Chemist: 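Got a structure for you, written out below as C-alpha cells; questions coming shortly.
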Amino acid sequence: MTLTDGSQRQLPAGATGAERAAAIGPGLARAAVAVKVDGAVRDLGRPLDDGATVAILTERDPEALEVLRHSAAHVLATAVRELFPEAGIGFGPPIDDGFYYDFAVPRPFTPDDLAAIEARMAAVVEADHPFEREVVDRDAANRRFADDPLKLERIAELGDDETITVYTDGPFTDLCRGPHIPSTGRLKHVKLLSAAGAYWRGDSSRQMLQRIYGTAFFKKDDLAQHLHRLEESKKRDHRRVGRELDLFHFLPVAPGAAFWTERGTAIYNELVAVMRELQRDGYREIRTPLLFNKALWETSGHWGKYRENMFLVLDSETGEHDFSLKPMNCPSHHLLYATAKHSYRELPIRYVTYDVLHRNEVSGALSGLTRVRQFAQDDCHIYLREDQIPVEVQRLTDFILGYYRLFGLEARLKFATRPEQRIGDDAMWDRAEGALREALERTGLPYELKAGDGAFYGPKIDFDVTDAIGRAWQLGTIQLDYAAPERFDLGYVGEDNHEHRPVIIHRAVNGSFERFIAILIEHFAGAFPVWLAPEQVRVLPIGEDQHEAAAALTTRLRDAGLRAELHARETLNYRIREGELAKVPYLAVVGQREADAGTVAVRTRGAGTKQQVMPAEEFVAKVVAEARGRELVP
RNA sequence: GCCACUGUAGCUCAGGGGUAGAGCACUCGAUUCGUAAUCGAGCGGUCGUCGGUUCAAAUCCGACCAGUGGCUCCA
C-alpha cells in the first residue's frame, strides 16, 4: 500500500488500520482515531485493501472529530436506551458544533433526564466498549430492528447495492454506516447541551421526535473553550445588548415588529444614510405604496402560493380581503418602470427603496431582529439589457463587498445555478449563468458553486459574511430575473427601434436593516465604531463649576453634526462607569484645568484611564474626521 | 404551525395555597466630587391574560397570549 507521503509499505494480508499505525510507531498507534483509505474514512479496526493509499487520522484531523462526535451520538443513544428501553431510535449525526440524536419517546426529556443521561454516558465511556462493525443482509437487519419502526423505514429505503452495516457498542446496536472510534473509552470530553422537538425526517407532517444536542472534543481545553464561546455569544446576543444599550424593544401588542428607541434609530438612520450616499450616482430612489389590491399579487404570482404569508386587509366597502400589505417591493418597482416608455440608452435603470415590508411569519419562527414581521430592505431592482449583465454584476459585487468592509466584515461568494423547478429554456439559463459566471470570474474572487440552488426565475450570487466571532450569515444577494419582465410585460426600445425585454437584477446588501443591525450588534458586541454609535461623545463636567464649559462643548459637538450628550448628575466615578457600560466611544471630561485652558480630557472606550488631554477644537475635528471617514475606531 | 420550557416592580432575580421581597433604575434630600457604583429617604408590582378547583390562588389545573431553545418555513 501507499502512504500519503508517497512511500510504499508492505503489510501482511488482512492487516488493519490499527496495525498499520502500530507499525509506524506506538505514539501514532495511541493517537490514531480512524484511517483514511483511498479518500474514505474508515474504522481503525477494518482490514486495509491491497494497494490502497492510506492515511492515519489522529485527533488533529477535522475528520477525526466528526468520527468522535458521531460515536458520541451512539454513546448518547446507548445511555438513553438503558434509561428508556422503549425509546425508538432516529438519526444521530455529527453536526458543525457537535452532534445530536433523535428519539421516539412517550414524553419529552427534562433537564433532569439530560443530567441522568449524561451520567449514564460517563459509565458507557468508563466501560470502554469496543465499536464493533458487522455487515448484515436485509432480512437480518429487519429482524434486528423489528421493534423500531423508524429503523425499519430507513432499512426499506436502502438500495439493493448498498452494504448494510450495524455497529455495536456494549449493549447498544444501531443501523449505521460508520465509521467510529475504536472504543467508547476514547470519548473523554462530551457535554449534552439541550433537548428539543424535531420532526422525523424533517417533515412537519410526520411525528415529532425528541432531539438531544451535545458536543464532544478530544481535548478538555477545546471543550472548555467551546462552552466559553457559547457563553460569549450569549453575552453578545443582540436581544440582550439591545435592551442593555436601550436600542429597541419588542412588545406583545406587535409581535415581530420592533419599537426603535432614539438610540437604535440613530444606527438605523446611519445605515440608510450610507446606502443613500453610496447610491448617489446612477440610482433612483423611489417610494411606492405599502398597501396593494390583490390584482397586483395575482400578476406577480404571489397570490396563489404566498398569500398565507401576507397580511390581508379588509376592504370596508366590499367586505373582502382585497388588499394586502406588501411583503416585497419588486412588483411595485416593475409597475413604476412600466409607466414610461424606455430607451435602450437609459438602461440600466436602478430603482432603490427603503419602504417598510410586512410578512406574516409563523409565530414560532420569530426571533429578535433576525426574523421579524415588519422590516425594511435596501431593495434595489435594476432593469438592463442582457449584454450589460457582466459589467453591472461586477459593479454590484464591488459595491457589496465595499459596503461590508465598512464594518470590517468579510464576505464569501456563492454562485447558485439552475434549480430543478424553473422557468425558461436551457438557452436562457446558459446565457444567464454564463453572464453571471463571467462577472464573477472578473472579480478574481474565490466563490463556491451551489449547483441547483438558484431561484426559479434565474441564477444568483449570494454573499455570506463572517462576523467577529466566526459565525456566517447570508446577507447580500444578486439575482437575475427573466420571469418578471414577462409577467409584467416590461420592455424597452432598442437601437433597432423594436421592443425588447429587459432583464431584472434583484439586489440587496443588508438583507433587511433589522437583521443587519442584529448582526452588527453581535459583531461589535454593542461597541460600535464612532460613526455608528448611537451616542458618539458623552461630555462629563467634573463639578458644577464646569457645567457651563461642558454645555458649550456639547453644543459645539452637536453643531459639528455629532451625537453628543451632557451628563452632569452624580459623581464623576459613577458617570465614568455609566459611560463605559453604555459603550460610548468617547467620554469628554471637563474639569477646571480643561475649562480654563479650553481643552478636554478624552477617555477613549476600552482604553481605561489612559486619557488624552487636547484642545477642544482638536477633539471635535478628530471625532468628526473619524465619523465622516467611517473609521473602525475606537 | 409543531415539541418543550419560561412569564413575579422599568431591568436582573428570590419567594411561594392564607392578602408580595432584594439589588439596580426612578423620585426627593444631602454631597460638588479628576476617571468603573457617595449617603439617606421614598415611589413602584396583585405575581402575562382569561377561566376552573378551593373557605382561601400569585402559588394547583386548563385555555389563550408572549418570549426562549429547537423543528418546519424564510417568495
Side-chain angles (χ1 to χ4, degrees), chain A residues 90 95 100 102 105 107-111 113-114 193-213 234 237 239-240 243-244 246 249-256 297 300-310 326-331 357 359-368 370-373 375 455-457 474 477 479 481 483-484 506 511-512 515 540-547 568-582 587-595 601-613:
Chain A
I95 52 176
Y100 68 77
D102 287 342
V105 281
R107 67 163 176 85
F109 296 111
T110 64
D113 291 336
L114 288 196
L193 297 171
S194 62
Y199 297 110
W200 168 231
R201 317 301 301 260
D203 182 343
S204 60
S205 67
R206 305 291 302 268
Q207 67 172 302
M208 182 71 71
L209 303 178
Q210 297 305 321
R211 175 172 299 179
I212 296 177
Y213 284 93
K234 248 188 229 167
D237 188 304
R239 290 164 298 196
R240 174 174 174 166
R243 190 174 50 241
E244 286 168 353
D246 191 30
H249 297 273
F250 283 95
L251 300 179
V253 288
W297 311 116
S300 69
H302 291 108
W303 191 252
K305 262 202 296 187
Y306 300 111
R307 188 176 1 170
E308 69 269 22
N309 281 329
M310 292 203 266
K326 66 177 169 190
M328 53 178 32
N329 293 303
C330 321
L357 303 176
R359 296 182 187 179
N360 197 358
E361 304 288 355
V362 296
S363 58
L366 299 178
S367 176
T370 52
R371 196 74 186 279
V372 286
R373 288 189 173 141
F375 59 97
F456 72 92
Y457 47 73
Q474 208 241 290
T477 185
Q479 305 182 2
D481 185 352
H506 301 253
S512 79
R515 185 156 164 273
L540 310 176
I542 289 180
E544 229 160 50
D545 291 346
Q546 297 91 42
H547 192 278
R569 291 186 40 219
E570 293 287 347
T571 61
L572 182 65
N573 273 328
Y574 182 91
R575 286 175 286 153
I576 292 285
R577 177 165 193 272
E578 233 186 2
E580 288 283 355
L581 290 176
L587 300 179
V589 179
V590 181
Q592 199 52 50
R593 292 201 294 272
E594 288 77 20
V602 179
R603 181 179 166 121
T604 304
R605 181 183 60 213
T609 50
K610 267 185 287 167
Q611 65 165 351
Q612 243 184 315
V613 181

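Scope of the values below: all heavy atoms of this structure, side chains included, with no hydrogens, waters or symmetry mates. As the structure is a computational prediction, the values presented were derived from the model and not from experiment. Order of the sequence lines fixes the chain letters, A, B, ..., with proteins taken first and strands second; residue numbering starts at 1 for each chain.
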Chemist: Mind checking who G21(B) pairs with, Watson-Crick or G-U wobble, both distances under 3.5 Å?
Modeler: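 Looking at the geometry, G21(B) pairs with C13(B).
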Chemist: I want to check a possible cation-pi pair here: Arg211(A) against Tyr100(A), using under 6.0 Å from ring centre and within 45° of the ring axis as the test.
Modeler: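 Positive - Arg211(A) is close enough to the ring of Tyr100(A) and near enough to its axis.
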Chemist: Test for a donor-acceptor pair under 3.5 Å between the base of C73(B) and the side chain of Arg371(A), counting only N and O atoms.
Modeler: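 Per atom types, the contact qualifies.
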Chemist: Using modelled atom types and a 3.5 Å cut-off, is there a donor and acceptor pairing between side-chain atoms of Arg359(A) and backbone atoms of Pro327(A)?
Modeler: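 The answer is yes, because a donor-acceptor pair under 3.5 Å joins these two groups.
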Chemist: I'd like to know if Arg575(A) reaches the base of A36(B) with its side chain, counting only an N/O donor and acceptor under 3.5 Å.
Modeler: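 For Arg575(A), whose side chain was compared with the base of A36(B), there is no donor-acceptor pair (under 3.5 Å).
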Chemist: Taking G45(B) as the reference, what is the distance to C64(B) when you measure between their C1' atoms (whole Å, please)?
Modeler: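 Approximately 23 Å lies between the C1' atom of C64(B) and that of G45(B).
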Chemist: Who is the Watson-Crick or G-U wobble partner of G40(B), with both distances under 3.5 Å?
Modeler: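 Its partner is C28(B).
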Chemist: To the nearest Å, give me how far apart CD1 (Ile576(A)) and P (U38(B)) are.
Modeler: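 To the nearest whole Å, that distance equals 12 Å.
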Chemist: Between the side chains of Glu361(A) and Arg371(A), is the shortest nitrogen-to-carboxylate-oxygen separation below 4.0 Å, so that they form an ion pair?
Modeler: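 Between Glu361(A) and Arg371(A) there is a salt bridge, with a charged N closer than 4.0 Å to a carboxylate O.
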Chemist: What distance separates Leu540(A) CG from Glu578(A) CD, expressed to the nearest 0.5 Å?
Modeler: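 Between Leu540(A) CG and Glu578(A) CD, I get 9.0 Å after rounding to 0.5 Å.
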Chemist: Taking pairing as Watson-Crick or G-U wobble with both contacts under 3.5 Å, can you name the mate of U49(B), or confirm there isn't one?
Modeler: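 U49(B) is paired, partner A63(B).
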Chemist: Has Ser363(A) got a side-chain N or O lying under 4.0 Å from the OP1 or OP2 atom of G1(B)?
Modeler: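 Affirmative; the distance criterion is met.
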Chemist: With a non-hydrogen cut-off below 4.0 angstrom, is Arg603(A) in contact with a base, only sugar-phosphate, or nothing?
Modeler: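 Touches a base.
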Chemist: Indicate yes or no: does Arg201(A) engage Asp102(A) in a salt bridge with an N to O separation below 4.0 Å.
Modeler: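 No.
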Chemist: For the residue pair Phe250(A) and Leu366(A), establish whether any side-chain heavy-atom pair is separated by less than 4.5 Å.
Modeler: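 Side chain of Phe250(A) against side chain of Leu366(A), heavy atoms only: no contact under 4.5 Å found.
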Chemist: In whole angstrom, give the distance that lies between atom CZ of Arg240(A) and atom P of G10(B).
Modeler: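 From Arg240(A) CZ to G10(B) P: 20 Å.
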Chemist: Under 4.0 Å between a side-chain nitrogen and a carboxylate oxygen: does that hold for Asp237(A) and Arg239(A)?
Modeler: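 Salt bridge present between Asp237(A) and Arg239(A).
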Chemist: Would you kindly give the CZ-to-P distance between Arg239(A) and G67(B), to the nearest whole Å?
Modeler: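 In whole Å, G67(B) P lies 11 Å from Arg239(A) CZ.
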Chemist: If I compare all heavy atoms of Val589(A) with all of Glu594(A), which pair ends up nearest, and what's the gap?
Modeler: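 Smallest heavy-atom distance, with atoms named: O-CG, 4.0 Å.
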Chemist: Heavy atoms under 4.0 Å, any strand shown: does Gly301(A) hit a base, just sugar-phosphate, or nothing?
Modeler: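 If one applies the 4.0 Å heavy-atom cut-off, Gly301(A) turns out to touch nothing in the nucleic acid.
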Chemist: Taking Arg307(A) for its side chain and Trp303(A) for its backbone only, find out whether a donor-acceptor pair lies under 3.5 Å.
Modeler: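 Answer holds: yes.
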Chemist: Is Gln592(A) touching bases, backbone alone, or none of the nucleic acid, heavy atoms closer than 4.0 Å?
Modeler: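 Base, at least one base atom sits under 4.0 Å.
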Chemist: Where is the tightest heavy-atom contact between Met208(A) and Gly197(A), given as atom of each residue plus distance?
Modeler: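 Distance-wise, the nearest heavy atoms are SD-C, 3.4 Å.
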Chemist: Looking at C71(B), which nucleotide sits across from it as a Watson-Crick or G-U wobble partner, both distances under 3.5 angstrom, or is there none?
Modeler: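 Pair assignment: C71(B) / G1(B).
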Chemist: Return the polar atom pairs (N/O with N/O) between nucleotides 45-49 of chain B and the protein under 3.5 Å, or none.
Modeler:
none

Chemist: Check every strand shown and say whether Arg243(A) touches a base, only sugar-phosphate, or nothing at a heavy-atom separation below 4.0 Å.
Modeler: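 Sugar-phosphate, backbone atoms only, no base.
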Chemist: Within the 4.0 Å heavy-atom criterion, would you say Glu594(A) contacts the bases, only the backbone, or no part of the nucleic acid?
Modeler: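 Here Glu594(A) touches the bases of the nucleic acid.
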Chemist: Rounded to the nearest Å, what distance is computed from the CG atom of residue Asn360(A) to the P atom of nucleotide A75(B)?
Modeler: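 So the CG-P distance, Asn360(A) to A75(B), works out to 15 Å.
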Chemist: Mind checking if Ala455(A) touches a base, just sugar-phosphate, or nothing, with heavy atoms under 4.0 Å?
Modeler: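 Ala455(A): no heavy atom of the nucleic acid under 4.0 Å.
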Chemist: Mind calculating the distance between CZ (Arg211(A)) and P (C3(B)) to the nearest angstrom?
Modeler: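 Arg211(A) atom CZ is separated from C3(B) atom P by 16 Å.
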Chemist: So what does Gly368(A) touch, heavy atoms closer than 4.0 Å: a base, only the sugar-phosphate, or nothing?
Modeler: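 The answer is sugar-phosphate, as Gly368(A) gets under 4.0 Å only of primed atoms, P, OP1 or OP2.
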Chemist: Distance check needed: C3(B) C1' versus Ile212(A) CD1, whole Å only.
Modeler: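 Taking atom C1' of C3(B) as the reference, CD1 of Ile212(A) is at 14 Å.
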Chemist: Mind checking if Phe456(A) touches a base, just sugar-phosphate, or nothing, with heavy atoms under 4.0 Å?
Modeler: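 No contact.
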Chemist: Which whole number of Å gives the distance between the C1' atom of A63(B) and that of A9(B)?
Modeler: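 Result for the C1' pair: 27 Å, nearest Å.
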Chemist: For A57(B), what is the paired nucleotide under Watson-Crick or G-U wobble rules, both distances under 3.5 Å?
Modeler: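 The answer is none; no pair meets the criterion.
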Chemist: Across the strands shown, which category fits Pro327(A) at heavy-atom distances under 4.0 angstrom: base, sugar-phosphate, nothing?
Modeler: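 If one applies the 4.0 Å heavy-atom cut-off, Pro327(A) turns out to touch a base.
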Chemist: Do Val602(A) and Leu587(A) touch side chain to side chain, with heavy atoms closer than 4.5 Å?
Modeler: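 Contact flag for Val602(A)/Leu587(A) side chains = no.
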Chemist: Could you say whether Ala568(A) or Glu580(A) is positioned toward the 5' end of RNA chain B, judged by the nucleotide with the nearest heavy atom to each?
Modeler: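 Final value for this comparison: Ala568(A).
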Chemist: My understanding is that a pair needs two contacts under 3.5 Å, Watson-Crick or G-U wobble. By that rule, which nucleotide pairs with C33(B)?
Modeler: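 When the pairing criteria are applied, nothing turns out to pair with C33(B), so the answer is none.
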Chemist: Expressed in angstrom and rounded to an integer, what is the separation of Gln611(A) atom CD from A36(B) atom P?
Modeler: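 That distance rounds to 11 Å.
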Chemist: Measuring from the side chain of Val589(A) (C-beta onward, heavy atoms only), which nucleotide among A36(B), C73(B), U35(B) has the closest atom?
Modeler: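 The answer is U35(B), which lies nearest to the side chain.
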Chemist: Take atom CD1 of Ile542(A) and atom C1' of G34(B), then tell me their distance rounded to the nearest Å.
Modeler: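 Atom-to-atom, Ile542(A) to G34(B), this comes out as 4 Å.
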Chemist: Pick base, sugar-phosphate or nothing for Phe375(A), based on heavy-atom distances below 4.0 Å to the nucleic acid.
Modeler: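 If one applies the 4.0 Å heavy-atom cut-off, Phe375(A) turns out to touch nothing in the nucleic acid.
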Chemist: If you go through the side-chain atoms of Tyr199(A), does one of them form a donor-acceptor pair with the base of G70(B) closer than 3.5 Å?
Modeler: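 Check fails, no donor-acceptor contact within cut-off.
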Chemist: Can you tell me, in whole Å, how much space there is between the C1' of G67(B) and that of A37(B)?
Modeler: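 Approximately 31 Å lies between the C1' atom of G67(B) and that of A37(B).
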Chemist: From the set A75(B), G1(B), A37(B), return the single nucleotide nearest to any side-chain atom of Asn573(A).
Modeler: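 Among A75(B), G1(B), A37(B), the one nearest the side chain of Asn573(A) is A37(B).
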Chemist: Among G70(B), U68(B), A66(B), which nucleotide sits nearest the side chain of Pro252(A)?
Modeler: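 Selected nucleotide: A66(B).
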Chemist: Reckon Leu581(A) touches a base, only the sugar-phosphate, or nothing at all at heavy-atom distances under 4.0 Å?
Modeler: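 Here Leu581(A) touches the bases of the nucleic acid.
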Chemist: Looking at every heavy atom in both Tyr199(A) and Arg206(A), which two are closest together, and how far apart are they?
Modeler: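 For Tyr199(A) versus Arg206(A), the nearest heavy atoms are CD2-O, 3.6 Å.
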Chemist: NA contact type, Arg593(A), heavy-atom cut-off 4.0 Å: base, sugar-phosphate, or nothing?
Modeler: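 Counting heavy atoms under 4.0 Å across all strands, the contact made by Arg593(A) includes a base.
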Chemist: Can you give me the N/O atom pairs linking the protein to nucleotides 22-29 of chain B at distances under 3.5 Å, or say none if there are none?
Modeler:
unit_1	atom_1	unit_2	atom_2	d
A25(B)	OP1	Tyr574(A)	OH	2.6

Chemist: Please give the distance between the P atoms of U68(B) and A25(B) as a whole number of Å.
Modeler: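 About 27 Å, rounded to a whole number of Å.
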Chemist: So, does Ser204(A) get its side chain near the phosphate of G1(B), meaning an N or O under 4.0 Å from OP1 or OP2?
Modeler: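 False: Ser204(A) side-chain N/O out of range (4.0 Å or more) of G1(B) OP1/OP2.
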Chemist: Any donor and acceptor pair, going by atom type alone, linking the side chain of Thr110(A) with main-chain N or O of Asp113(A) inside 3.5 Å?
Modeler: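 The answer is yes, because a donor-acceptor pair under 3.5 Å joins these two groups.
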